[in-house]
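Counting starts at 1 for both ligands and their atoms, in listed order. Just so you know, these numbers come straight off a predicted model, no measurement behind them.
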Amino acid sequence: MERPLLPGGTVGILGGGQLGRMSALAARRLGYKVRTFDPSASACAAGVADEHITAEWNDIAALQRFASGCGRITLEFENIPPATVELLSKSVPCHPSANVLAICQNRRREKEFLRASGIPCANFAVVSSLTELQAAVKTVGFPCVLKTADFGYDGKGQFKLPTEAADLKEAWDKIGGAVGVLEAWVPFQLEISVLVARTVDGRTAVYDPAENIHRNHILHLSISPARISESTSNEAKSLAVSIAEKIDLVGLLAVEMFVKDGRIIVNELAPRPHNSGHQTFDAHQTSQFEQHIRAVCGLPLGGTKPFVPSAMVNLLGDLWRGGQEPDWTKVLADPSAKLHLYDKGKAAPGRKMGHITVTSSTLEEAIRRAEALHAAL
Ligand code: AMP
């Protein structure tokens, strides 16, 4: 059995985005050394790592240099070739595994895994041509949504087909992929997500569901706890744990779900920290980033209880109007707000540049303050 990697050891993180940055900060706080790997030299995690390696995912010499001296390797980004993780795992334990990564980065494999595991998900069909799409709409029905199998996130690579009048050829051309997944549209009441951590020896820790509100397909607000019944919350948590066990996860998994009439339908899996878990930094016993590092290193898992209700609002590059930095003093002056900026350099519309977490004794007040601070910027 793999032995825990204790503080003082070196954790390697594949990917240098904000999730890697916040994971690196958590690892360093625990006393680990951190080495990051990303094709970009200016990746925002690089600034908080002990060492950053800039190279492509298939650069074997650079990967060997990265692995050398690391006691554990993890990732913060899904679209890394599983072959990269496979190669690294020959010399260093890598969590999550290449297999977990391969399932979660491809909608076809993900849906097929969920269906085969008996996890409730939207009805779907795999399509690899326009003819197959024309046949699939008859079994899946309208409304439905066509998604690319690879590289989809934040609603990218998706085309909704509301009624029979929808132009299937246009949809097929639009996703432009070799393989797609046609999914029944779920008229949900709420979107929630559950974070679950699991260690190599099968210990798990699960957080209460967060409720997620999107704008233009990008997460805008994540509130905790979700406004659902205790039984729905328990069902969501037990499904997340069951998925983590069935996929043999080691690390952290975010499970995105729809809630419809009190029932849970699983939408997506992300085997890494997730945007909807950022409030755990300021409102929970253990942040998702620390939990990720604890799980990957085989340490005891931390408590998952919230101290207070919280609302997290994303700060997108759109707030930098005309390239001008927003006036952060408006946020910093609010004692209930915490400002997190990712030091990403150039702001662009839709780019996640930071977030604010507001805590309060009531959820309504946390949401109100978070929205007000966002609007004030
Ligand atoms: P995804 O990239 O699959 O996470 O989808 C992005 C967003 O599109 C989700 O958070 C939902 O708001 C919406 N969406 C995706 N699939 C469906 C579906 N089958 N039914 C209803 N809404 C969906």
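- Ring geometry, H355 versus H340: the interplanar angle falls under 30°, so the pair is classed parallel (tilted spans 30 to 60°).
- For atom 16 (N) of ligand 1, the choice among K147, Q158, H214 with the nearest heavy atom turns out to be K147.
- Contacts of N212 with ligand 1, taken as heavy-atom pairs under 4.0 Å, are absent altogether.
- For ligand 1, the polar-atom distance check finds no N/O of A122 at less than 3.5 Å from any of the ligand's N/O atoms.
- Cluster partners of I60, using a side-chain heavy-atom cutoff of under 4.5 Å among ILVMFWY residues and allowing indirect links, are L14, F37, I53, W57, L63, F66, I73, L75, F77, I80, V85, L87, L88, V92, L101.
- Interface of F188 with ligand 1, defined as ligand atoms under 4.0 Å from a residue heavy atom, comprises 12 (O), 21 (C), 22 (N).
- Those atoms of ligand 1 with a heavy atom of V145 less than 4.0 angstrom away are 19 (N).
- Close contacts of ligand 1 with E256, meaning ligand atoms under 4.0 Å from a residue heavy atom, involve 4 (O).
- Using a 4.5 Å cut-off on side-chain heavy atoms (C-beta onward), V126 and E112 make contact.
- Applying the 4.5 Å side-chain rule to ILVMFWY residues, one finds I213, L221, I223, V313, L315, L319, W320, W328, V331, L332, L339, L341, M353, I356, L363, I367, L373, L377 in the same cluster as V358.
- With distances taken over non-hydrogen atoms, the option nearest atom 10 (O) of ligand 1 out of E268, E191, E110 is E191.
- Linking ILVMFWY residues whenever their side-chain heavy atoms come closer than 4.5 Å, directly or via other members, places V127 and F142 in the same cluster.
- A donor atom on one side chain and an acceptor atom on the other are found under 3.5 Å apart for H274 and E256.
- An N or O contact shorter than 3.5 Å links A184 to ligand 1 by distance.
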